[in-house]
Each structure stands twice: as C-alpha cells, then as structure tokens.
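The next block holds one structure in the form of structure tokens; read it before the comments.
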Amino acid sequence: MSDGHDAEWWRSAVIYQVYPRSFADGNGDGTGDLAGVRQRLGHLRDLGVDAIWFTPWYRSPLADGGYDVEDYRAIDPAFGTLTEAEALIAEARELGLRTIVDVVPNHVSDRHPWFRAALAAGPGSPERDRFWFRAGRGARGDEMPTRWVSDFQGSTWTRTTNPDGTPGEWYLHLFTPEQPDLNWDHPDVRREHEEILRFWFDRGVAGVRIDSAALPVKDPALPEVPEAWGPGEHPHLDRDGLHDIYRSWRAVADSYDEPRVLVGEIWLPDARRFARYLRGDEMHTAFNFDFMTRPWDAKELRESIRTTLEAHAPVGAPPTWVLSNHDVTRPVTRYGREDSSFDFAAKRFGTPTDLAVGGRRARAAALLTGALPGALYLYQGDELGLPEVELPVEAIQDPMHFRSGGVDPGRDGCRVPLPWARTGSSYGFGPDGGAAPWLPQPDGWGDLSVEAQEDDPVSMLALYRRMLAVRRSEPGLRDGDLVWLDAVAGAPVPARALAFARGDVACVVNLGPDPVPLPQDADLLLHSGDPATRPTSVLTDTAAWVRW
Ligand code: GLC
C-alpha cells in the first residue's frame, strides 16, 4: 500500500470501487451507508488495495442510484452525514487507503436548486441558461427539439409545463428526465464545478472519478446526430471544448500539496481520441472500457492490450484495467456465457450461463489484469466472485430497465448487497434482524461471504489477497514494461494463450484447449488454480505468474 506522500501513486494503484448503497449497512435500514463502510475498512486493508472510489454519496433522490445529484456539499441522509464522510476519509487514510469521489458534470438532479429555479423562472430567464431549455418544433411546439437518443434509450427531451398550466419549453437530458443536462458554456456551471472539486479536495480526497466525461459539452446549434461524423463533430460526444474544462480542473488538482488525481469515465471507440483526454495537462487516467467489453478470447484480449498500450504511450499516461463496475455484468457470469463480450444493448433475462467456467475464467482474468502495467480497478464483490443476480422484476429499481420497456434487466444484478457472513437475515450486510436489503439477496449468498471465504485457500478472496500481495512486492509488476513472449519452456506460445513478462515476472494465461507447459524449474509465484497444487503447465482457463 502506498502510504505517505507519493505524487505518482495513481500510476500503478489498485483502486476498489465501493457502491455505498450495497456495500455494508451500519444502521440496519436495509441501505448501505458510511457507517457500514467505516466498520468494514479492515476488509479493504487486508485485501491490499491502495484507494477506494465511492460512487456518488451526495444528497440525491436516487432516480439513478445517486448519479442525480441534488447537493454536492451534503451526504445523502440514507448514507450518513458530512462529518461521517470526513471521518471516513481520515480513517481510510490512516490505513493507507486514499479516497476518490465521483463528480457528475453532465447533469444534476431535477431537484437541484438550479433546476427548480429554472423551472420557476420560466422561458427566457437567465436561470434557464444553465440548462438546455428550448421551444419545441412544429406549429404547436409539441415536437422535441432534436431526435437524439438517450444513453438509457428513449428520448432525450422532456416538455415542461408553464406556471399557468400551458405546455412549455423542453429540456435536454441525455439520461433520465430526472437528470437535466447542464450547459457548460455557462460560466456558473464551470465555476460551481471547480468549487465542488475544491470542497472535496480540501476534505482530503485524493482524486475524482469524472462521470460521463465525454458528454458535457454540446454543439449549441443542437443539430441532429449525423449518420457518420468526423473527430469532434458529434453534437454531444467528445467535443473539442471538453479539453479546456479538464485543463482547468487539472490546474485545481495540481494546486494541492499532494496533487489530486482526475480519472475519466470515457466511453470512446477511437483510442487516439480517448488518449487526448490523458495529455499531460488534462486527466491522469481514464477507464479502459475497450478491454472490459472484449470476450474471453486470446486474440481479442491481446489486441486490446496492444491498442491500449500504443494509445497511452505517446501521452505518457498509464493505462487502467477494469473487469467490471456498477453498470456492467459481473465477470463470473459474463465469462460463463457463450458470448462473453459486454454490450449494454445485448443484456437479456435468462441468458444461459455456466458459472463454473465463468468462475475459472474470472480467476484467470484477475491474474491477467493484475499483471498488466498501469492501474487496476476492482468492483466490490468481484473479490468474492459474486455472480450477476437475476432479480425478480418487481425488485428492479434501475431506470435502464424501465426505459427499455422491461426488455433490459438493467444494472441492479451487479448491485445486490454484499454478503459478509455465512448466515443472518442479510448475510452480515446489515445487523441481524435489521430491515431487508434494498435489493433481495439470493439464497446461498452467504456461501460467497467474506466470512465463508476468509479461511478457504481455494476461494476467490484468497486468490485476490495473494495476487495483490505479490503485485505489491514485485517491482517488475509496478514499473516493468510489458514484453510479449513468443515462447515459454522452449515451446511457442499457442495462439489461444497470452504470455508476457514485466521485469522478471512472467504472466501466462491459457484461453485455449491445450495445456501450456511451464519451464521445468519454474519459480511459480502464483496461479489461479487450487493453491495446494503445483501445476507444471497452465491449463485451460487458468493463469500463472512465474519468476522469469
Ligand atoms: C455513468 C455511471 C452510470 C450512470 C450514468 C449517468 O455511466 O457509471 O451509473 O447511470 O453515468 O450518470
């Protein structure tokens, strides 16, 4: 763990994502909270991570799990208080754990004071200029201003009602109607966000994760999305004007004694456009979704690793490796499916899944990502090998599900409250006998709990702990360049395997049918199979780290 003042800590950090609503429930009301996180910090210390990223914990109506922020300077009462957040940040730091908070610049909640004021002030008012209010098209103004499609499906405009009851202007929301988009051409919007950054940086947070970071700037002419577009030509994605914003954020981050870190959530297929956000005076890192969306296939993963390293090298930024997060299907489930790639549009109920295969691959994937150069992100529960839960429809709360007309199961299946204990009414998520968790936990959830896995050397938790310990103690895995290996133990590496060295550690991952032999006298540091065995070759869907 990186204690003390280390300005470069983020280059090779292991960052654990906490979804506060589902991590641990300290007060027994069925919703996770900061008290719960404070009780469980020891788990993160023992796991061996460097930092915690919290998805939004601010005051919010939770129309989109907190990505609809009503007040950035207050903690949602369901989660706790600002004083508790300050204590949590300090306690985590005592344990060597830095804190990253989420900032959501694209939109606010429709209950945010600015949006309420905009609605109250009416058309043409300066209050409306902070958002995208427009008259509708057509003679009666009842056609929406553009046909842009929401990232959550459906339309991106909602019509307002004037104070006198007549139909009014429309406002833009790339996500749900409860998340009106901000107008980043407005100086108040820029000033406010820089103040929000300072507010949290002053409280000791080490950095921010920037939500939907390629979306906030819009073409003010609001044209339709063309069928094909050149770099920077899309009306609401990856516009060149974003870079100025992040440069000014970087200046704020750099003004701190230990410079604060900016991590972008950037979904962009074009690796070069992606890398522009990581130039020296912009963000430090951004999530590598290309890798996350690829199937369990050696060629695909090799290509993703290559493209990623190539795109990052010229800007001098470290890559990041992400197997999952609060928006996507859990790896144990995804890798157990015939199509193991990830695509929001392809999620369906009842997809056949082989959890035994998926679990084996997820273990190998942990060793693969843990050996790659750069920062590693872990989503809560992946260290327990939790599967995606297929929830009963009546339990689902995610707006993605409803906006798809019920076709898309949504994202709640990876947000089911964590099991901490073998038994108990919520498997230790909250105090025994407390309110039922906000999403139901499936039967047998306790078998996957921290308690059940802690002393089991074959468990996913044991593998993650060992992996992070070796990663920390091997300098090659921190600083070594990645060198692809053509041969292992004198035999060529099969096309369906990956083999590379970092310093004097080699990582071999076998995604094909035939065993990949290891050197006879190999100094085996770690492998993803049963730790009681000492395999002489890397078997199907397993991985090994050896001293090279
Ligand atoms: C990001 C978040 C997601 C949220 C969306 C809108 O993609 O990760 O959870 O729904 O932004 O804020």
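Note that the structure is a prediction, hence the values are computed from the model and not measured. Just follow the structure's listing: the first ligand is 1, and inside any ligand the first atom is 1.
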- Task: Report the residues that fulfil side-chain contact (heavy atoms from CB on, under 4.5 Å) with Asp110, sequence neighbours left out, ordered by chain and then residue number.
- Result: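 Applying side-chain contact (heavy atoms from CB on, under 4.5 Å) to Asp110 gives Phe115, Glu178, Pro180.
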- Message: According to side-chain contact (heavy atoms from CB on, under 4.5 Å), who are the partners of Glu390, at least two apart in sequence or on a separate chain?
- Response: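 Residues passing side-chain contact (heavy atoms from CB on, under 4.5 Å) with Glu390: Phe349.
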- Quick one: list whatever passes ring-ring contact (aromatic ring centres under 6.0 Å, His included) with Tyr58, sequence neighbours left out.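 In terms of ring-ring contact (aromatic ring centres under 6.0 Å, His included), with neighbours along the sequence ignored, Tyr58 is linked to Tyr72, Trp200.
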- Message: Tell me which residues fall inside the under-4.0 Å heavy-atom shell around ligand 1.
- Response: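 Around ligand 1, where the cutoff is 4.0 Å for heavy atoms, the contacting residues are Asp64, Tyr67, His107, Phe152, Phe175, Gln179, Arg209, Asp211, Ser212, Glu265, His326, Asp327, Arg411, Arg415.
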- Query: Are Arg403 and Phe152 in a cation-pi contact, defined as NZ or CZ under 6.0 Å from the six-membered ring centre and within 45° of the axis?
  - Reply: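 No, Arg403 does not lie over the aromatic ring of Phe152.
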- Message: Under a 4.0 Å threshold between the charged nitrogen and the carboxylate oxygen, would Glu388 count as salt-bridged to Arg334?
- Response: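 Salt bridge absent between Arg334 and Glu388.
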- Only one of Trp53, Trp321, Tyr277 passes ring-ring contact (aromatic ring centres under 6.0 Å, His included) with Phe287; say which it is.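 That would be Trp53; it is the only one of Trp53, Trp321, Tyr277 passing the ring-ring contact (aromatic ring centres under 6.0 Å, His included) with Phe287.
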